[in-house]
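Have a look at this one before I ask anything.
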Amino acid sequence: MATEIHPKPLTRKPVLLSKVEGSQDVVNMAVIVPKEDGLISVSEDRTVRVWMKRDNGQFWPSIYHAMPAPCCCMCFNPETRRLTVGLDNGTISELILSEDYNKMNPGKTHLAHQSRVTMVLFVLEMEWLLSTGQDKLFTWHCSESGERLGNYRTAACASCLQFDVETKHAFVGDQSGQVTILKLEQDNCSLITTFKGHTAGVTALCWDPVQRLLFSGSSDHSIIIWDIGGRKGTALELQGHNDKVQSISYAHHTRQLISCSADGGIVVWNMDVERQETPEWLDSDSCQKCDQPFFWNFKQMWDHKKIGLRQHHCRKCGKAVCGKCSSKRSTIPLMGFEFEVRVCDSCHESITDEQRAPTATFHDSKHNIIHVHFDATRVWLLTSGSDKVIKLWDMTPVVS
């Protein structure tokens, strides 16, 4: 009798379309040119390069433009073909690309910061140029006149930036782990509020204007979802990286979040599920399960002649528990814990197999990612990294 063979299910993963090499130093940022087989990259080697796909399927530089300082970041507006580049010396340079992407003409230069520019955004609707820098400043200029319209000093080095056109709110992340929300006017700004949920610097921000959600990634390996539109202060955590989160992008049409970390990990999160807030950790002088004293509770230790225990917390209920009462581990995907975390024994028993079902997929890009750019029209993801390499991925198998 023939043995029945059960084929293994195929693992869905991104498909590598192209690997672009040629930069002499770290590629800090790269973007896909809409409606064209082209890429634009900026690098620590002081170059701006436009890569166009040739007949042989390979990307070759059609423009190689040297800048006066290392290129840290950029913003490309396809409608005007305006490329805005932030430099290590604090200046921001504007470049205009020709229709065939084979020529580049210099535009205005803005003396925006005293040190490295960390992010630039060009807002066509207002003709504003927004930027953040390591000098702890957020600034905005008029792109037409070149005039500086205003600035705001942040708590620490400003590292990332997003903007909502409808409300004119700027979201600024800094190295203290804080996110600042500012309301911009033509020549002044007002502080709306600040958020602080990360235990390390904020490294990436992504704004969804439809759901009015702000996503922040951090060196603490986590992502926090701030519900700005709900006005209830809801903040959801996502824990799925083993290294600092470098860049995040949101696929509006499928409600999926794409995050990348320094170790090359790419995580695709399903945001079309009912996620839960993580509980506040409770304070107690003794285990809230067995009542054993913790090691600082000298009175109870003396009264009961017991050795104090180390305090832990259950990630599901937030209770303060001892090691014996929290010996189990479990994933809690709906709370954002895609890796196993400590839970008390009673919570472990209450978590069903259905509740342990993952809400994210994990992929290895095999290069050290600094930045990602997602093209929703073609479902392509562009990753650039400290290994001087750019990789173009077809995300159709995992973003759908």
Side-chain angles (χ1 to χ4, degrees), residues 25-31 40-50 63-77 79-97 103-163 165 168-176 180 182-191 201-203 205 370-371:
D25 208 331
V26 174
V27 181
N28 284 315
M29 197 173 284
V31 298
I40 305 173
S41 67
V42 295
S43 169
E44 287 288 330
D45 65 7
R46 302 189 178 202
T47 63
V48 176
R49 303 179 195 224
V50 179
I63 297 176
Y64 178 102
H65 185 81
M67 302 295 286
C71 305
C72 318
C73 53
M74 69 168 166
C75 175
F76 178 62
N77 182 269
E79 293 181 45
T80 60
R81 297 187 307 281
R82 181 182 305 193
L83 180 65
T84 310
V85 183
L87 303 180
D88 186 64
N89 62 8
T91 62
I92 297 173
S93 295
E94 294 184 11
L95 303 163
I96 307 299
L97 289 158
K103 188 178 179 182
M104 184 183 289
N105 295 313
K108 292 184 177 66
T109 297
H110 307 272
L111 302 176
H113 297 275
Q114 298 298 313
S115 56
R116 187 179 180 91
V117 181
T118 54
M119 184 60 71
V120 290
L121 286 178
F122 171 62
V123 184
L124 179 61
E125 292 84 349
M126 287 91 179
E127 293 288 348
W128 284 352
L129 182 60
L130 316 180
S131 64
T132 54
Q134 288 187 350
D135 57 359
K136 301 183 181 181
L137 280 183
F138 160 71
T139 69
W140 71 106
H141 291 75
C142 174
S143 60
E144 287 298 299
S145 66
E147 177 189 0
R148 176 180 288 208
L149 301 176
N151 62 68
Y152 179 87
R153 184 164 292 277
T154 54
C157 294
S159 49
C160 44
L161 173 66
Q162 288 285 278
F163 184 72
V165 174
K168 298 181 183 178
H169 284 162
F171 307 95
V172 183
D174 65 45
Q175 289 301 317
S176 74
T180 302
L182 302 169
K183 169 76 171 180
L184 300 191
E185 302 295 346
Q186 187 62 29
D187 56 358
N188 64 76
C189 72
S190 55
L191 174 65
V202 180
T203 51
L205 289 175
I370 290 180
H371 182 263

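On a predicted model such as this, the values are computed, not experimentally measured, just so you know. Positions are given from 1, in the same order as the sequence printed here.
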* **Test item: Asp135 side-chain N/O and Gln114 main-chain N/O as donor-acceptor pair under 3.5 Å** => yes

* Are any side-chain N or O atoms of Arg116 and backbone N or O atoms of Cys72, one a donor and one an acceptor, separated by less than 3.5 Å? -> no

* Going by distance alone, is a donor N or O of one side chain under 3.5 Å from an acceptor N or O of the other, for Thr47 and His65? -> no

* To do: Specify the closest pair of heavy atoms between Asn28 and His371, including all atoms of both residues, with the distance to one decimal.
  => O-CB, 3.5 Å

* Between Glu127 and Lys108, is there a side-chain N and carboxylate O pair less than 4.0 Å apart? -> no

* Does atom CD of Glu185 have more than 12 heavy-atom neighbours from other groups under 6.0 Å away? -> yes

* To do: Measure up the Trp128 and Phe163 rings against each other and bin them: parallel (under 30°), tilted (30 to 60°), perpendicular (over 60°).
  => perpendicular

* To do: Could you tell me how the ring of Phe138 sits relative to the ring of Trp140: parallel (under 30°), tilted (30 to 60°) or perpendicular (over 60°)?
  => parallel

* Sub-3.5 Å donor-acceptor pair from the side chain of Arg153 to the main-chain atoms of Leu137, do we have one? -> no

* To do: Enter the distance from Leu184:CG to Leu130:CG here, rounded to the nearest 0.5 Å.
  => 6.5 Å

* Asked: Taking all atoms of both residues into account, what is the closest heavy-atom pair of Gln175 and Ala156, and its distance?
  -> N-CB, 4.1 Å

* For the atom pair SG (Cys71) and CG (Leu87), what is the distance rounded to the nearest 0.5 Å? -> 5.5 Å

* Structure fact -> Nearest heavy-atom contact between Leu161 and Leu205 is N-CD1, 4.2 Å

* Shortest non-hydrogen contact from Leu83 toward Met74 -> CD1-SD, 3.6 Å

* **Smallest separation among heavy atoms of Cys75 and Val120, with atom names** => CB-O, 3.5 Å

* Have His110 and Glu94 got a donor and an acceptor in their side chains that come within less than 3.5 Å? -> yes

* For Ser131 and Thr139, test the side chains for any donor-to-acceptor distance below 3.5 angstrom and give the result as yes or no. => yes

* Would one find more than 12 heavy atoms of other residues, nucleotides or ligands at under 6.0 Å from atom NZ of Lys183? -> yes

* Before giving the answer on side-chain contact (heavy atoms from CB on, under 4.5 Å), spell out for Ile63 and Val48 the whole-Å C-alpha distance, their side-chain angles and the decisive distance to 0.1 Å. => CA-CA 8 Å; Ile63 297 176; Val48 176; over 6 Å; no

* For Thr109 and Ser93, indicate whether the former's side chain and the latter's backbone hold a donor-acceptor pair under 3.5 Å. => no

* Do you know the tightest heavy-atom contact between Pro106 and Leu95? -> CA-CD2, 3.8 Å

* To do: Determine yes or no for a side-chain-to-main-chain donor-acceptor pair under 3.5 angstrom, with Ser159 supplying the side chain and Gly173 the backbone.
  => yes

* If you draw the axis of the six-membered ring of Phe76, does the NZ or CZ of Arg82 fall within 45° of it and under 6.0 Å from the ring centre? -> no

* To do: Could you tell me whether a side-chain N or O of Arg46 sits under 3.5 Å from a main-chain N or O of Met67, the two making a donor and an acceptor?
  => no

